[in-house]
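A short worksheet on the structure shown next.
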2 protein chains.
Amino acid sequence: MRRDVFQAIADPTRREIINMIAQHPLNVNAVAENFEVSRTAIYKHIKMLTECGLVVITQFGRERYCEARLERLAEVADWVEQYRKVWTERLDNLENFLDDLETKKRKPGRKKG
Amino acid sequence: MRRDVFQAIADPTRREIINMIAQHPLNVNAVAENFEVSRTAIYKHIKMLTECGLVVITQFGRERYCEARLERLAEVADWVEQYRKVWTERLDNLENFLDDLETKKRKPGRKKG
DNA sequence: TATAAACGCAACCTTTGGGTTGCATTATAT
DNA sequence: ATATAATGCAACCCAAAGGTTGCGTTTATA
């Protein structure tokens, strides 16, 4: 069972669930009521979210409140952010690299430096 | 076919591929050589990455160079960033909310579970 | 106490995901 | 012209994903 945050947020329903409880906790049924699919389907999504730490459940009587552990998204944020500089500064890697490559191949002369 | 960036980066192999070509383009075989699985498996991953715009392919002779379109990750960055304030400021939603809830439901006698 | 609400979860189904082997195609090299 | 490198892709396999129905359990309430 691969249970990482990346996979957890891959499903749009789960992203919606996270969004739904980001502001304040909701019990399982309350979450499920906001979707067309069955309570069991939502339950499974929530379970998966708990398995990767994105959601924590606290029981109150017969209700179980789902709280979002948004700090778990830091892993995703970090991964994405490492590339931000590359895409914002638009290093034109492709053109440079392929230009180089073409030059190298077409002419046996020295590569760029 | 759900082909969105969130799903694309859900797979660790695909994240590795992105990382591998983030700095400079590589042809399909060059990418595949870095993995244990077959070239076809990698080809499929690359295809999926192109289908959601995360990778663009440019052909040079018999080689096809894969370039990462990292700006597509902005969608992920945006989604995650909207929650950063919540998790960094640690609004203690759970405690507040559930404390409230307990107070409302229970009689004045406080008891912690 | 009986009933209903709020679950957890097994059993089952269908589609998708990720992998493989094998072969056809195109471009480069000999 | 022929061999080989780089690749696309069909056909197939198996496990996982996402869904359903149904039922048991625990807790609140009439």
Side-chain angles (χ1 to χ4, degrees), chain A residues 1-18 21 25-52 54-67 98 101-102 104-108, chain B residues 1-18 21 25-52 54-67 98 101-102 104-107 109 111 113:
Chain A
M1 256 184 296
R2 224 178 55 218
R3 285 291 181 257
D4 60 272
V5 179
F6 286 93
Q7 204 205 351
I9 65 170
D11 184 87
T13 299
R14 284 194 291 270
R15 289 201 299 279
E16 252 194 89
I17 291 175
I18 290 173
I21 63 176
L26 286 177
N27 66 51
V28 178
N29 275 2
V31 173
E33 279 165 11
N34 289 283
F35 295 91
E36 297 291 296
V37 297
S38 69
R39 178 180 60 80
T40 301
I42 298 302
Y43 160 73
K44 283 192 189 178
H45 282 307
I46 291 176
K47 193 178 182 195
M48 182 171 177
L49 288 170
T50 66
E51 281 169 4
C52 72
L54 261 170
V55 163
V56 165
I57 293 186
T58 307
Q59 184 151 1
F60 272 73
R62 62 183 163 180
E63 291 172 276
R64 306 180 84 224
Y65 281 83
C66 308
E67 177 204 11
L98 291 187
L101 201 122
E102 202 178 26
K104 259 187 290 181
K105 285 203 161 183
R106 285 183 174 275
K107 298 193 155 196
Chain B
M1 258 184 296
R2 224 176 56 219
R3 285 292 180 259
D4 59 272
V5 179
F6 287 93
Q7 204 205 351
I9 65 170
D11 184 86
T13 300
R14 284 193 293 269
R15 289 200 298 280
E16 252 195 90
I17 291 175
I18 290 173
I21 63 177
L26 286 177
N27 66 51
V28 178
N29 276 2
V31 172
E33 280 165 12
N34 289 283
F35 295 92
E36 296 292 296
V37 297
S38 69
R39 180 181 59 81
T40 301
I42 299 301
Y43 160 74
K44 283 192 189 178
H45 282 307
I46 292 175
K47 192 177 184 196
M48 182 170 176
L49 288 169
T50 64
E51 281 170 3
C52 72
L54 261 169
V55 163
V56 165
I57 293 185
T58 307
Q59 183 150 1
F60 272 72
R62 60 183 164 180
E63 291 173 275
R64 305 180 85 224
Y65 281 84
C66 308
E67 177 202 12
L98 291 186
L101 201 124
E102 199 179 27
K104 263 186 287 181
K105 283 201 161 183
R106 280 188 177 272
K107 304 145 262 185
K111 174 70 181 171

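Chain A is the first sequence line, chain B the second, and so forth, proteins listed ahead of strands; every chain is numbered from 1.
Distance check: B:His45 NE2 to B:Thr13 OG1 gives 4.5 Å after rounding to the nearest 0.5 Å. We find the CZ-CG distance between B:Arg3 and B:Leu54 to be 12.0 Å, quoted to the nearest 0.5 Å. A distance of 12.5 Å separates CG of A:Asp11 from NZ of A:Lys44, quoted to the nearest 0.5 Å.
Put simply, CD1 on B:Ile9 is 15 Å from P on C:dG17, counting in whole angstrom units. Distance B:Glu63 CD to C:dT28 C1': 10 Å, rounded to the nearest Å. Between A:Asn27 atom CG and D:dT27 atom P the separation is 16 Å, expressed in whole Å. Atom-to-atom, CD1 of B:Ile46 to P of D:dA6 comes out at 14 Å; the value is rounded to the nearest Å. Separating the CZ atom of A:Phe6 from the C1' atom of D:dA17 is a distance of 20 Å, rounded to the nearest angstrom. The interatomic distance linking A:Tyr65 (OH) with D:dT27 (C1') rounds to 14 Å, in whole Å. A:Leu49 has its CG atom 13 Å from the P atom of D:dA17, to the nearest Å. A straight line from OH of B:Tyr43 to C1' of C:dA24 spans 13 Å, rounded to a whole angstrom.
When side chains are defined from C-beta on, A:Glu51 counts as touching A:Lys47, because their heavy atoms get closer than 4.5 Å.
The phosphate of C:dG19 (OP1 or OP2) has a side-chain N or O of B:His45 nearer than 4.0 angstrom.
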Please report, to 0.1 Å, the donor-acceptor pairs under 3.5 Å made by any side chain of residues 26-39 of chain A, with sequence neighbours excluded.
unit_1  : atom_1 : unit_2  : atom_2 : d
A:Asn27 : OD1    : A:Asn29 : N      : 3.2
A:Asn27 : OD1    : A:Ala30 : N      : 2.8
A:Asn27 : ND2    : A:Glu63 : OE2    : 2.7
A:Asn34 : ND2    : A:Ala30 : O      : 2.8
A:Ser38 : OG     : A:Ala41 : N      : 3.1

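Side-chain atoms of A:Gln59 come within 3.5 Å of backbone atoms of A:Gly61 as a donor-acceptor pair (strictly under, hydrogens ignored).
Non-hydrogen atoms lying under 4.0 Å from DNA chain C are contributed by A:Arg39, A:Thr40, all within residues 30-40 of chain A.
Annotation: of the two residues near DNA chain D, A:Ala41 and B:Lys47, the 5′-most nearest-nucleotide partner is B:Lys47. For A:Thr13 and B:Ile57, each mapped to the nucleotide of DNA chain D holding its nearest heavy atom, the one lying further toward the 5' end belongs to B:Ile57.
Residues A:Cys66 and A:Val55 approach most closely at CB-CG1, 4.0 Å, considering heavy atoms. Listed here is the closest heavy atom pair of B:Arg14 and B:Ala8: NE-O, 2.7 Å.
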List every contact pair, protein side and nucleotides 25-27 of chain C side both N or O, where the distance is under 3.5 Å.
none

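Between the base of C:dG19 and the side chain of B:Lys44 there is a donor-acceptor pair shorter than 3.5 Å.
Of the candidate nucleotides D:dT7, D:dG18, C:dC7, D:dG18 has the atom lying nearest to any side-chain atom of A:Arg14.
In terms of the side-chain contact (heavy atoms from CB on, under 4.5 Å) criterion, residue partners of B:Phe6 (sequence neighbours excluded) are, by chain and number, A:Ile9, A:Arg15, B:Asp4, B:Glu75, B:Val76, B:Trp79.
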